[in-house]
**Student:** 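First the structure, which I've put down as C-alpha coordinates, then a few questions once you've had a look.
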Amino acid sequence: MAVRVLLADDQAMVRTGFRLILESEPGLEVVAEATDGEEAVRKARELRPDVVLMDIRMPLIDGIQATKLLAGPGVADPLRVVVVTTYDVDENVYAALRAGACGFLVKDAGPRLLVEAVRAAADGESIVSPSVTARLLERFTQAAAPTAPAAHPLTEREADVVRAVARGRMNSEITDELTLSLSTVKSHLASAQRKLGLRNRTELAVWAWENRLVD
(Lines give C-alpha, C1' and ligand atoms only; values in the text may rest on other atoms or scores of the structure.)
Protein backbone atom coordinates (compact mmCIF):
# COMPACT_ATOMS: atom_id res chain seq x y z
CA MET A 1 0.00 0.00 0.00
CA ALA A 2 1.11 3.56 -0.70
CA VAL A 3 2.48 5.79 2.06
CA ARG A 4 -0.18 8.48 2.54
CA VAL A 5 1.15 11.99 3.13
CA LEU A 6 -0.46 15.25 4.24
CA LEU A 7 1.30 18.50 3.29
CA ALA A 8 0.93 21.45 5.67
CA ASP A 9 2.45 24.72 4.44
CA ASP A 10 0.98 28.17 3.89
CA GLN A 11 2.89 28.62 0.61
CA ALA A 12 1.18 27.11 -2.44
CA MET A 13 4.45 26.84 -4.37
CA VAL A 14 6.04 24.79 -1.60
CA ARG A 15 3.07 22.43 -1.42
CA THR A 16 3.05 22.04 -5.20
CA GLY A 17 6.78 21.33 -5.28
CA PHE A 18 6.58 18.76 -2.51
CA ARG A 19 3.60 17.08 -4.19
CA LEU A 20 5.47 16.79 -7.49
CA ILE A 21 8.53 15.34 -5.77
CA LEU A 22 6.63 12.83 -3.67
CA GLU A 23 4.13 11.66 -6.27
CA SER A 24 6.93 11.03 -8.76
CA GLU A 25 8.13 8.30 -6.40
CA PRO A 26 6.56 4.83 -6.34
CA GLY A 27 4.53 4.06 -3.25
CA LEU A 28 4.00 7.66 -2.10
CA GLU A 29 0.66 9.47 -2.28
CA VAL A 30 -0.31 13.00 -1.18
CA VAL A 31 -3.82 12.66 0.23
CA ALA A 32 -4.41 16.25 1.38
CA GLU A 33 -2.95 19.74 1.76
CA ALA A 34 -3.40 22.28 4.54
CA THR A 35 -2.66 26.02 4.46
CA ASP A 36 -2.62 26.68 8.21
CA GLY A 37 -2.06 24.84 11.47
CA GLU A 38 -5.72 24.44 12.39
CA GLU A 39 -6.53 22.91 9.02
CA ALA A 40 -3.51 20.62 9.31
CA VAL A 41 -4.65 19.29 12.68
CA ARG A 42 -8.25 18.86 11.54
CA LYS A 43 -7.39 17.05 8.31
CA ALA A 44 -4.71 14.91 9.94
CA ARG A 45 -7.12 13.73 12.62
CA GLU A 46 -9.79 13.03 10.02
CA LEU A 47 -7.63 11.28 7.40
CA ARG A 48 -4.97 9.66 9.63
CA PRO A 49 -2.16 9.92 7.03
CA ASP A 50 0.98 7.83 7.48
CA VAL A 51 3.16 10.98 7.51
CA VAL A 52 2.49 14.70 7.98
CA LEU A 53 5.00 17.17 6.50
CA MET A 54 4.62 20.23 8.72
CA ASP A 55 5.91 23.76 8.16
CA ILE A 56 6.73 25.78 11.29
CA ARG A 57 5.54 29.27 10.42
CA MET A 58 1.84 29.05 9.55
CA PRO A 59 -1.29 31.10 10.38
CA LEU A 60 -3.70 30.38 13.26
CA ILE A 61 -1.60 27.61 14.85
CA ASP A 62 2.12 27.35 14.18
CA GLY A 63 3.70 24.09 13.14
CA ILE A 64 5.20 23.36 16.57
CA GLN A 65 1.83 23.60 18.32
CA ALA A 66 0.14 21.62 15.53
CA THR A 67 2.81 18.93 15.88
CA LYS A 68 2.25 18.78 19.64
CA LEU A 69 -1.50 18.34 19.10
CA LEU A 70 -0.90 15.47 16.65
CA ALA A 71 2.15 13.76 18.13
CA GLY A 72 2.90 15.25 21.53
CA PRO A 73 3.31 13.42 24.85
CA GLY A 74 -0.40 13.66 25.67
CA VAL A 75 -1.63 12.19 22.37
CA ALA A 76 -2.93 8.63 22.78
CA ASP A 77 -2.46 7.60 19.15
CA PRO A 78 0.23 9.94 17.76
CA LEU A 79 0.79 10.56 14.08
CA ARG A 80 4.21 10.66 12.46
CA VAL A 81 5.14 14.29 11.83
CA VAL A 82 8.22 15.52 9.96
CA VAL A 83 8.84 19.25 10.40
CA VAL A 84 10.09 20.92 7.22
CA THR A 85 11.13 24.56 7.45
CA THR A 86 13.29 27.28 5.98
CA TYR A 87 14.56 28.19 9.43
CA ASP A 88 16.99 25.59 10.80
CA VAL A 89 17.78 27.49 14.01
CA ASP A 90 18.48 25.29 17.01
CA GLU A 91 15.41 26.48 18.94
CA ASN A 92 13.15 25.25 16.14
CA VAL A 93 14.82 21.84 16.03
CA TYR A 94 14.65 21.42 19.79
CA ALA A 95 11.01 22.57 19.97
CA ALA A 96 9.96 20.32 17.07
CA LEU A 97 11.49 17.19 18.58
CA ARG A 98 10.08 18.06 22.00
CA ALA A 99 6.65 18.46 20.40
CA GLY A 100 6.83 14.90 19.07
CA ALA A 101 8.21 15.30 15.56
CA CYS A 102 9.96 12.20 14.24
CA GLY A 103 12.11 14.18 11.80
CA PHE A 104 13.34 17.66 10.95
CA LEU A 105 14.34 18.90 7.49
CA VAL A 106 15.25 22.25 6.00
CA LYS A 107 13.48 23.00 2.74
CA ASP A 108 16.69 23.15 0.73
CA ALA A 109 17.72 19.64 1.83
CA GLY A 110 16.82 18.36 -1.63
CA PRO A 111 14.30 15.92 -3.13
CA ARG A 112 16.22 12.76 -2.18
CA LEU A 113 16.33 13.58 1.53
CA LEU A 114 12.68 14.64 1.51
CA VAL A 115 11.65 11.27 0.07
CA GLU A 116 13.95 9.41 2.47
CA ALA A 117 12.49 11.30 5.44
CA VAL A 118 8.93 10.39 4.45
CA ARG A 119 9.79 6.73 3.98
CA ALA A 120 11.77 6.67 7.24
CA ALA A 121 8.91 8.24 9.19
CA ALA A 122 6.44 5.75 7.71
CA ASP A 123 8.76 2.91 8.82
CA GLY A 124 8.99 4.25 12.36
CA GLU A 125 12.45 5.75 11.93
CA SER A 126 13.59 9.35 11.80
CA ILE A 127 15.81 11.72 9.84
CA VAL A 128 17.27 15.08 10.81
CA SER A 129 18.92 17.22 8.14
CA PRO A 130 22.69 16.69 8.16
CA SER A 131 23.17 20.45 8.31
CA VAL A 132 21.68 20.59 11.80
CA THR A 133 22.64 17.21 13.28
CA ALA A 134 26.03 18.24 14.67
CA ARG A 135 24.67 21.44 16.20
CA LEU A 136 21.72 19.54 17.63
CA LEU A 137 23.95 16.99 19.32
CA GLU A 138 26.11 19.74 20.76
CA ARG A 139 23.09 21.64 22.05
CA PHE A 140 21.60 18.64 23.82
CA THR A 141 24.97 17.78 25.32
CA GLN A 142 25.53 21.29 26.65
CA ALA A 143 21.96 21.54 27.96
CA ALA A 144 22.14 18.23 29.78
CA ALA A 145 22.33 18.59 33.54
CA PRO A 146 24.50 15.56 34.41
CA THR A 147 28.27 15.95 34.09
CA ALA A 148 28.65 12.20 33.54
CA PRO A 149 26.49 9.55 31.88
CA ALA A 150 23.40 8.96 33.98
CA ALA A 151 22.53 5.55 35.45
CA HIS A 152 19.95 3.71 33.38
CA PRO A 153 18.22 0.31 33.24
CA LEU A 154 19.41 -0.62 29.74
CA THR A 155 21.57 -3.61 28.95
CA GLU A 156 24.90 -2.92 27.28
CA ARG A 157 23.56 -3.98 23.88
CA GLU A 158 20.38 -1.94 24.26
CA ALA A 159 22.51 1.09 25.12
CA ASP A 160 24.63 0.48 22.00
CA VAL A 161 21.52 0.48 19.83
CA VAL A 162 20.16 3.62 21.49
CA ARG A 163 23.51 5.39 20.93
CA ALA A 164 23.33 4.49 17.26
CA VAL A 165 19.80 5.88 17.03
CA ALA A 166 20.95 9.10 18.72
CA ARG A 167 23.67 9.44 16.09
CA GLY A 168 21.02 9.30 13.38
CA ARG A 169 21.56 5.72 12.22
CA MET A 170 18.75 3.87 10.47
CA ASN A 171 17.90 0.31 11.53
CA SER A 172 19.63 -1.12 8.46
CA GLU A 173 22.80 0.81 9.33
CA ILE A 174 22.66 -0.35 12.94
CA THR A 175 22.54 -3.98 11.85
CA ASP A 176 25.78 -3.52 9.91
CA GLU A 177 27.48 -1.35 12.54
CA LEU A 178 26.72 -3.65 15.49
CA THR A 179 26.55 -6.96 13.58
CA LEU A 180 22.99 -7.65 14.69
CA SER A 181 19.95 -8.95 12.85
CA LEU A 182 17.17 -6.50 12.02
CA SER A 183 14.76 -8.30 14.34
CA THR A 184 17.27 -8.05 17.20
CA VAL A 185 17.72 -4.31 16.63
CA LYS A 186 13.97 -3.79 16.70
CA SER A 187 13.69 -5.94 19.83
CA HIS A 188 16.37 -3.89 21.62
CA LEU A 189 14.65 -0.63 20.62
CA ALA A 190 11.26 -1.86 21.87
CA SER A 191 12.82 -3.01 25.15
CA ALA A 192 14.63 0.31 25.65
CA GLN A 193 11.46 2.29 25.00
CA ARG A 194 9.52 0.15 27.46
CA LYS A 195 12.17 0.44 30.21
CA LEU A 196 12.50 4.20 29.82
CA GLY A 197 8.79 4.91 29.30
CA LEU A 198 9.38 6.45 25.87
CA ARG A 199 7.16 6.12 22.81
CA ASN A 200 9.44 6.27 19.79
CA ARG A 201 13.03 6.42 18.56
CA THR A 202 13.06 10.23 18.49
CA GLU A 203 12.33 10.34 22.21
CA LEU A 204 15.06 7.70 22.67
CA ALA A 205 17.53 9.93 20.84
CA VAL A 206 16.59 12.98 22.93
CA TRP A 207 16.96 10.89 26.12
CA ALA A 208 20.40 9.68 24.99
CA TRP A 209 21.61 13.22 24.23
CA GLU A 210 20.27 14.67 27.47
CA ASN A 211 21.72 11.88 29.60
CA ARG A 212 25.11 11.96 27.86
CA LEU A 213 24.85 8.44 26.58
CA VAL A 214 26.35 9.81 23.35
CA ASP A 215 29.97 11.02 23.41
Side-chain angles (χ1 to χ4, degrees), residues 1-88 91-107 109 113-129 186 189-190 193-194 196-207:
M1 295 179 62
V3 174
R4 302 167 63 251
V5 183
L6 185 150
L7 303 177
D9 197 295
D10 61 340
Q11 298 184 47
M13 289 183 63
V14 172
R15 297 195 309 274
T16 299
F18 283 179
R19 178 184 285 272
L20 290 172
I21 290 169
L22 296 176
E23 293 193 334
S24 68
E25 294 289 324
L28 299 182
E29 175 189 5
V30 176
V31 295
E33 298 182 12
T35 61
D36 60 63
E38 285 188 355
E39 185 181 18
V41 171
R42 185 178 70 254
K43 287 186 174 180
R45 287 173 171 171
E46 175 187 349
L47 299 173
R48 301 295 301 179
D50 299 302
V51 179
V52 178
L53 290 180
M54 184 79 71
D55 186 28
I56 287 184
R57 297 193 176 183
M58 289 190 295
L60 301 183
I61 295 178
D62 67 34
I64 300 297
Q65 181 63 21
T67 297
K68 188 173 183 178
L69 291 171
L70 295 175
V75 179
D77 189 14
L79 291 167
R80 302 187 185 281
V81 180
V82 176
V83 170
V84 188
T85 180
T86 305
Y87 309 96
D88 68 334
E91 288 74 13
N92 287 343
V93 183
Y94 189 89
L97 296 180
R98 275 301 190 192
C102 65
F104 187 99
L105 294 176
V106 290
K107 289 180 180 178
L113 199 59
L114 177 67
V115 171
E116 286 183 4
V118 169
R119 294 196 189 279
D123 288 338
E125 302 198 28
S126 58
I127 283 185
V128 176
S129 284
K186 291 181 177 180
L189 286 174
Q193 287 174 207
R194 183 175 62 255
L196 297 171
L198 304 174
R199 297 181 306 165
N200 54 53
R201 66 192 294 123
T202 303
E203 290 184 1
L204 277 177
V206 171
W207 176 88

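Numbers here are sequence positions counted from 1. Fair warning: this is a prediction, and the values are worked out from it, not measured in the lab.
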**Student:** Atom CG of D36 and atom CG of D62: how far apart are they, to the nearest 0.5 Å?
**Tutor:**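 It comes to 11.5 Å.
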**Student:** Measuring from atom CD1 of I61 to atom OG1 of T67, what distance do you get when rounded to the nearest 0.5 angstrom?
**Tutor:**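 OG1 of T67 is found 10.5 Å from CD1 of I61.
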**Student:** Could you go through the side chain to side chain contact (heavy atoms under 4.5 Å, CB included) check for C102 and V81 one step at a time?
**Tutor:** CA-CA 6 Å; C102 65; V81 180; 5.8 Å; no
**Student:** Show your reasoning for whether side chain to side chain contact (heavy atoms under 4.5 Å, CB included) applies to T85 and R57.
**Tutor:** CA-CA 8 Å; T85 180; R57 297 193 176 183; 5.6 Å; no
**Student:** Give the C-alpha distance, both sets of side-chain angles, the deciding distance and a yes or no for side chain to side chain contact (heavy atoms under 4.5 Å, CB included) between V115 and I21.
**Tutor:** CA-CA 8 Å; V115 171; I21 290 169; 3.9 Å; yes
**Student:** Minimum heavy-atom separation for A2 to D50, with atom names?
**Tutor:**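 For A2 versus D50, the nearest heavy atoms are O-OD2, 3.7 Å.
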**Student:** Which atoms form the tightest heavy-atom contact between A8 and A40, and what is the distance?
**Tutor:**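 So the minimum-distance heavy-atom pair works out to CB-CB, 3.7 Å.
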**Student:** Which distance, rounded to the nearest 0.5 Å, do you find between the CD of Q65 and the CE of M58?
**Tutor:**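 It comes to 11.0 Å.
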**Student:** Minimum heavy-atom separation for D9 to V14, with atom names?
**Tutor:**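 Smallest heavy-atom distance, with atoms named: OD2-CG1, 3.4 Å.
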**Student:** How long is the span from the CZ atom in F18 to the CD atom in Q11, to the nearest 0.5 Å?
**Tutor:**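 These two atoms lie 9.5 Å from each other.
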**Student:** Name the residue from L6, L114, L105 that meets the side chain to side chain contact (heavy atoms under 4.5 Å, CB included) definition with L53.
**Tutor:**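 Only one of L6, L114, L105 forms a side chain to side chain contact (heavy atoms under 4.5 Å, CB included) with L53, namely L114.
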**Student:** Can you give me the closest heavy-atom contact between V30 and E23, atom names plus distance?
**Tutor:**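 Smallest heavy-atom distance, with atoms named: N-OE2, 3.3 Å.
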**Student:** Does the side chain of E39 come within less than 4.5 Å of L60's, by heavy atoms?
**Tutor:**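 A side-chain contact under 4.5 Å is absent here.
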**Student:** Side chains of E116 and R119: does their closest heavy-atom pair fall under 4.5 Å?
**Tutor:**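 E116 does not reach R119 side chain to side chain.
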**Student:** Any idea which heavy atoms bring L28 and L22 closest together, and the distance?
**Tutor:**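 That closest heavy-atom pairing would be CB-O, 3.4 Å.
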**Student:** State whether the side chain of R80 and the backbone N or O of A121 hold a donor-acceptor pair below 3.5 Å, judged by distance alone.
**Tutor:**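 Indeed, once roles are kept as given, a pair shorter than 3.5 Å links the two residues.
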**Student:** Tell me which one of L79, V84, L70, L7 satisfies side chain to side chain contact (heavy atoms under 4.5 Å, CB included) with M54.
**Tutor:**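 Of the listed options, the one satisfying the test is L70.
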**Student:** For a 4.5 angstrom cut-off between non-hydrogen side-chain atoms, does I56 reach V83?
**Tutor:**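 The answer is yes, as the side chains (C-beta and beyond) meet within the 4.5 Å cut-off.
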**Student:** Answer yes or no: are there more than 12 heavy-atom neighbours, outside K186 itself, under 6.0 Å from its atom NZ?
**Tutor:**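 At most 12 heavy atoms, drawn from other residues, nucleotides or ligands, come within 6.0 Å of this atom.
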**Student:** I'd like to know if the side chain of R4 reaches the main chain of L47, judged simply by a donor and an acceptor atom lying under 3.5 Å from each other, with no hydrogens or angles considered.
**Tutor:**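 Yes; at least one donor-acceptor contact below 3.5 Å.
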**Student:** Report yes if some heavy atom in the side chain of L69 is under 4.5 Å from a heavy atom in the side chain of R45; otherwise report no.
**Tutor:**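 When only atoms from C-beta onward are counted, R45 and L69 do touch, with a gap below 4.5 Å.
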**Student:** With a 4.5 Å cut-off on side-chain heavy atoms, are V31 and K43 touching?
**Tutor:**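 Not in contact.
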